[in-house]
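First up is the structure itself, then whatever we jot down about it.
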Amino acid sequence: SLNFSNSFIDVYVSVNQANALVLLLREVLNRIQFRLNQSQLEELDDETLDDDQQTEWQRYLRQSLEVVARVMELLPSQTFSVLFPVLQEDLDIYLGLQQFIVRSGTTGRRLNITAEADCRKLHCALRDLSSLLQAVGRLAEFFTGDVFSARFNDALAIVQRLVEVSCYGSQISLYDVEMAVPSVLKPDLIDVHAQSLAALQAYSHWLAQFCSEVQRQQDQTQFVDLIRSSMAATTPLINAKVPEKLLLSACHLLVSMATTVRPVFLVSLPAAQNIFNLITENHNHRLPQEAHVLVCRALSNMLLLPWPSLPEAEQQWQSRSANHTRLLSSLTQQYRLLPRPPSHHPNSKSKAVIQQTLCVLKDLVDSISGEATKSRQICYHSLQESVQVTLALFPLFIQQPDVTDEMLSFFLTLFQALRVQMGVAFTEQIIQTFLSMFTREQLAVSILQEGSSGSKAVEKFLKILQVVVQEPGQTFKPLLPSILSLCLDQVYPIVAERSCPDVKAEMFELLFQILHQNWRFFFKSSVLSSVQRSGAEELMENQAQFITAMQAFGQSFLQPDIHIFKQNLSYLEVLNTKHKLYHRKLFRNTMLFHFINVLLQVLLHKSHDLLQDDITLALYNMAAVDFPAFYSSFLPEFLNGCQGLDPHQRTTLARNFTPERDLPSFSQGVYRIVNDLRFYRLCNGSLPAGTLKL
């Protein structure tokens, strides 16, 4: 049984408060136990998922466990003295099941518990054990960080117990045993086993801290035994015949061992070697896709991630790199051997190989995207041939949007994580290939099927281009004209007058990044020198593309999509803050009052009232470029163009908009003129001419 020391230092709580909290804790634990509340708890729906992907029962349990965690935070030792006797009772029942397993036939096994009352008691005990294991996992955070040493013995006792329960479950594999009422008891047994692994996974950060502590000690026996036993509990479950819930629980624990704990000896354990052999040699008994991806991530991370607390010279990068290359060579063998003659017509088998392989590779790259340069170098070195194959296959599948989408997802992850390792020349080759394949016709076919794989593929392509144009320095500047042309001449004409919100959002994001990150592609002079020149001729290049880009932004403000409106308004404001967009001579002389006019019309029509403050701020920043011209020239011109007003009303509106230059007063002036104008129009439209004299 578990024996906990008094090493906890409780946060100061008065005796009365402590007693009340303990009573609350007992009551909450009672309320989640089936042996005490079976009839009420069975009424909770445990099948239908809500918007948070939880069932009614899961939500109830999670909220109850949050109360337990809050009490633990205040009264750690009392919490354990209440929780663990309850856990121990159910554990004893579970760990005692082995004695009831008898032989059935020549090879089978049967759980010799058949009486209805005994089955009901077992069902309740298993449901409760599953809940209490989740409670133990939820409390893992209270043993790490500054309290690691003070609470070490208690945490060690918990982890050892969880390892014992997990090993027991894996050794006797109760999910594979015949039993009475299997529709009830089998899911219970699977869930307990899965929750024991999940609870152990919750302590991976504690194990990681233990790992770094023992690096400084001579005796590492305790730690090594925990990891070896954890792996012994995990690896037998990584099998296509194991129930999926249990299989995925084991896979997630394996990923945490490889990614969070990272023991130096992990990869050399026989259990880990068995998994390497399973994945690299046994292609005929493939795991379900989600499990396969997780196991590949774990194996890759064992070889790629630096070992904590070890100097660079002891990281064994050379042998780890060679092993990683072998691993990926095996994982991608079928993929790299796909036929690629121009006459090749892709079949369903080819598509399946492509989608399965790229899903794995994308995940491997994504998992090391934030790691040190060495890990990313090794990863790209192992991937290089597969990347070349993907680029060669891309033109063959351009008419198959689901495959194109998968390929572009992979390339997007590559660009985000490994573009430095890919190098300039190859990156340019990839982009040029994509630009040549996405013709106007191809884009139209893809984009106009809104929400389809083709539309998503175009979104991914635009995201890739966003990454490229944000790269500092001159590296990818030669690609800018082609990217701008794609954006303005090919994508924009297709989406301009259509909804296409997702593609449109990515296109404007790309347009913004081109302007923001490559301002000197259009304006040669800096902000400072243009201010010092004070109105002299600005050095400008690519003027036609700049004007088209601004027209695209302006056009978006005339459309009903409020999300695009908000996004694009914020983009213009950023360009003004960073690059003085509104002050640039071309914008000021030919576009400024057009934008002000459009934004005022939007306020008048109340089409985007949720953005009223954002619009008014943008109006202020635009008017502030030349307040005298705004009040003396633009305002009368704007009012003259407003239909439904008589001359006297126009004069009154202009007079009431006092020429203030601070934001609050200007905002009040805008709100007043908009409201008064609406009022005049309403009255003029419903009364005989000449009735209203204000």
Side-chain angles (χ1 to χ4, degrees), residues 512 515-516 519 523 525-538 546 550 553-554 557-558 565-642 645 647-681 694:
F512 163 69
L515 290 161
H516 181 37
W519 191 252
F523 296 93
S525 56
S526 67
V527 172
L528 180 62
S529 61
S530 66
V531 170
Q532 289 170 340
R533 196 176 287 110
S534 63
E537 196 62 39
E538 285 180 324
F546 179 81
M550 288 298 115
F553 277 107
F557 296 142
L558 299 172
F565 190 107
K566 181 180 174 66
Q567 169 189 290
N568 288 356
L569 192 63
S570 72
Y571 288 161
L572 290 186
E573 288 286 272
V574 170
L575 292 174
N576 185 54
T577 304
K578 299 291 185 184
H579 307 290
K580 294 292 180 190
L581 168 66
Y582 306 155
H583 298 259
R584 296 291 173 170
K585 187 176 181 182
L586 178 66
F587 190 94
R588 190 175 68 240
N589 292 349
T590 63
M591 305 178 200
L592 182 64
F593 285 169
H594 290 295
F595 274 95
I596 294 176
N597 184 50
V598 166
L599 294 178
L600 277 172
Q601 294 292 352
V602 168
L603 289 177
L604 275 172
H605 289 104
K606 301 184 75 170
S607 56
H608 296 72
D609 267 6
L610 287 172
L611 303 179
Q612 185 174 271
D613 292 343
D614 296 341
I615 294 169
T616 306
L617 177 60
L619 281 169
Y620 173 78
N621 289 328
M622 290 178 185
V625 172
D626 191 348
F627 272 128
F630 173 79
Y631 287 112
S632 65
S633 176
F634 170 77
L635 201 55
E637 194 178 315
F638 170 75
L639 292 170
N640 283 334
C642 286
L645 298 176
H648 178 69
Q649 289 166 345
R650 289 190 176 94
T651 305
T652 305
L653 288 168
R655 186 176 63 244
N656 289 344
F657 199 152
T658 53
E660 304 290 353
R661 297 193 176 201
D662 62 285
L663 177 59
S665 303
F666 181 86
S667 300
Q668 287 304 314
V670 168
Y671 298 147
R672 188 186 304 118
I673 197 171
V674 166
N675 289 329
D676 289 352
L677 211 159
R678 279 199 210 121
F679 175 70
Y680 286 156
R681 279 179 167 175
L694 294 174

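The basis for the numbers below is simple: all heavy atoms, side chains too, and nothing from hydrogens, waters or symmetry mates.
No side-chain heavy atom of N656 sits under 4.5 Å from any side-chain heavy atom of I673.
A ring pair (Phe, Tyr, Trp, His ring centres under 6.0 Å) with F512 is found for exactly one of W519, F553, Y571, namely Y571.
For H608 against I615, the heavy-atom pair with the smallest separation is O-CD1, 4.1 Å. The minimum heavy-atom distance between M622 and I596, with the atom names listed, is CB-CG1, 3.7 Å. A618 approaches L599 most closely through the heavy-atom pair CB-CD1, 4.2 Å. Residues Q649 and L645 come closest through the heavy atom pair OE1-CA, 3.4 Å. Considering every non-hydrogen atom in both M550 and F595, the closest pair reads O-CZ, 3.4 Å. The two residues Y620 and R661 have their closest heavy-atom pair at OH-O, 2.8 Å.
No side-chain donor-acceptor contact under 3.5 Å links N597 to the backbone of F593. Judged purely by atom type and a 3.5 angstrom limit, R584 uses its side chain to pair as donor or acceptor with the backbone of H579. Remark: the backbone N or O of P647 is paired with a side-chain donor or acceptor of T651 at under 3.5 angstrom.
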Query - Chi angles and distances behind the side chain to side chain contact (heavy atoms under 4.5 Å, CB included) call for F638, R650 - result: CA-CA 10 Å; F638 170 75; R650 289 190 176 94; over 6 Å; no
Requested in this report: Go through H648 and Y680 one step at a time and tell me if the side chain to side chain contact (heavy atoms under 4.5 Å, CB included) criterion holds.
Outcome: CA-CA 11 Å; H648 178 69; Y680 286 156; over 6 Å; no
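Checked against the 6.0 Å centroid criterion, the rings of Y631 and F657 qualify as a close aromatic pair. The six-membered or imidazole ring of F523 lies away from that of F587, with a centre-to-centre distance of 6.0 Å or more.
The CG atom of L572 sits 11.0 Å away from the CD atom of Q567 when rounded to the nearest 0.5 Å. Rounded to the nearest 0.5 angstrom, L515 CG and L581 CG are separated by 8.0 Å.
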